[in-house]
Amino acid sequence: AAGVIQSPRHLIKEKRETATLKCYPIPRHDTVYWYQQGPGQDPQFLISFYEKMQSDKGSIPDRFSAQQFSDYHSELNMSSLELGDSALYFCASSFSDRRDTQYFGPGTRLTVL
Amino acid sequence: AQSVSQHNHHVILSEAASLELGCNYSYGGTVNLFWYVQYPGQHLQLLLKYFSGDPLVKGIKGFEAEFIKSKFSFNLRKPSVQWSDTAEYFCAVINPQGGKLIFGQGTELSVKP
């Protein structure tokens, strides 16, 4: 069965650079969630989208923005990167009426040097 | 606000030992509870979940968890662990409105062969 796809899987950036992470949900899933997992930390919710609209917002810095497109894929844009942004960024997807069943992607490991 | 607390940060067991990982949550309303596993270098996978009904929930790979409402607990158990169970285990609760998952700090399980 198709799973959540994230790209790239690994990304290395310098401080103050920008990064774009992409998430392709399971086919027909219309809701996408982004989580950030710092080294040795638990995953923290960043933001979620349903039908291209933001549905919930967590501890997402103002330097980050995200959107969902008509094909339901989502992109997380990160600007003015800081060392503390180094983390594993997970995307999850679900049906909007089954938000209790989220499927996670493999994550993008972002390293900021 | 909802929160999840996991008692043990690192547990070391020998193969065939029994496992119990503690999880307590704080939320006054109806709760949906989850246990996720993260194998080294991999993404989060759902072990089991509780929504309602029988408080003893069975999941994959021989894991089970018991929801005790009076104790606000949802402890994970396995009668006999294997080396392949070495992973990090996260307890989580879901915000029913937005669907965001709120994770505990995680418990790293190391099983010695």
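In the text below, chain A, chain B and the rest are named by the order of the sequence lines, each starting its count at 1. The shown structure was predicted, so the numbers you read here are calculated from the model rather than taken from an experiment.
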Item to check | Chi angles and distances behind the side chain to side chain contact (heavy atoms under 4.5 Å, CB included) call for B:L44, A:Q102 | outcome: CA-CA 10 Å; B:L44 290 161; A:Q102 298 177 23; over 6 Å; no
Item to check | Derivation of the side chain to side chain contact (heavy atoms under 4.5 Å, CB included) call for A:F90 and B:Q38 | outcome: CA-CA 12 Å; A:F90 287 111; B:Q38 187 176 28; 3.2 Å; yes
Item to check | Test log, rule side chain to side chain contact (heavy atoms under 4.5 Å, CB included), inputs A:F45 and B:L101 | outcome: CA-CA 7 Å; A:F45 172 75; B:L101 284 164; over 6 Å; no
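At a threshold of 4.5 Å between side-chain heavy atoms, the hydrophobic network of Ile, Leu, Val, Met, Phe, Trp and Tyr places B:L76 and B:V4 in one connected group. Clustering ILVMFWY residues whenever any of their side-chain heavy atoms sit less than 4.5 angstrom apart, transitively, puts A:F104 in a cluster other than the one holding A:I60. Linking Ile, Leu, Val, Met, Phe, Trp and Tyr whenever their side-chain heavy atoms come within less than 4.5 Å puts B:V37 and B:I60 in one cluster. A continuous path of Ile, Leu, Val, Met, Phe, Trp and Tyr side chains, each step under 4.5 Å between heavy atoms, connects B:F63 with B:V93, placing both in one hydrophobic cluster. One hydrophobic cluster, built from ILVMFWY side chains closer than 4.5 Å, holds both B:I102 and B:Y25.
Considering every non-hydrogen atom in both B:I94 and A:R99, the closest pair reads CD1-O, 3.1 Å.
The number of heavy-atom neighbours closer than 6.0 Å to CG of A:D71, taken from other residues, nucleotides and ligands shown, is above 12. No more than 12 heavy atoms of other residues, nucleotides or ligands shown are found within 6.0 angstrom of OH on A:Y103.
Note that OG of A:S55 is 10.5 Å distant from NZ of B:K100, once rounded to the nearest 0.5 Å. Atom CG in A:D42 sits 14.0 Å away from atom OH in B:Y36 (nearest 0.5 Å).
Heavy atoms closer than 4.5 Å to chain B are found in the side chain of A:L88, but not in its backbone. For B:F90, the part lying near chain A is the side chain, with the backbone staying farther off; criterion is any non-hydrogen pair under 4.5 Å. For B:L46, no part lies under 4.5 angstrom from a heavy atom of chain A.
When each of A:P43, A:G107, A:S94 is checked for heavy-atom pairs under 4.5 Å with chain B, A:P43 comes out on top. Of all the listed residues (B:H9, B:Q42, B:H43), the one sharing the greatest number of non-hydrogen pairs under 4.5 Å with chain A is B:H43.
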Quiz: residues 104-113 of chain B side-chain donor-acceptor pairs under 3.5 angstrom, not counting sequence neighbours:
residue: B:Q105; atom: OE1; partner: B:Q6; partner atom: N; Å: 3.0
residue: B:T107; atom: OG1; partner: B:Q6; partner atom: NE2; Å: 3.2
residue: B:T107; atom: OG1; partner: B:N8; partner atom: O; Å: 2.4
residue: B:S110; atom: OG; partner: B:H10; partner atom: NE2; Å: 2.9

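For A:R9, there are no salt bridge (charged side-chain N to carboxylate O under 4.0 Å, His left out) partners two or more places apart in sequence or in a different chain. By the salt bridge (charged side-chain N to carboxylate O under 4.0 Å, His left out) test, A:D56 pairs with no residue at all, sequence neighbours left out.
Listed by sequence position, A:Y33, A:Y35 are the residues of residues 11-36 of chain A in contact with chain B, using a 4.5 angstrom heavy-atom cutoff.
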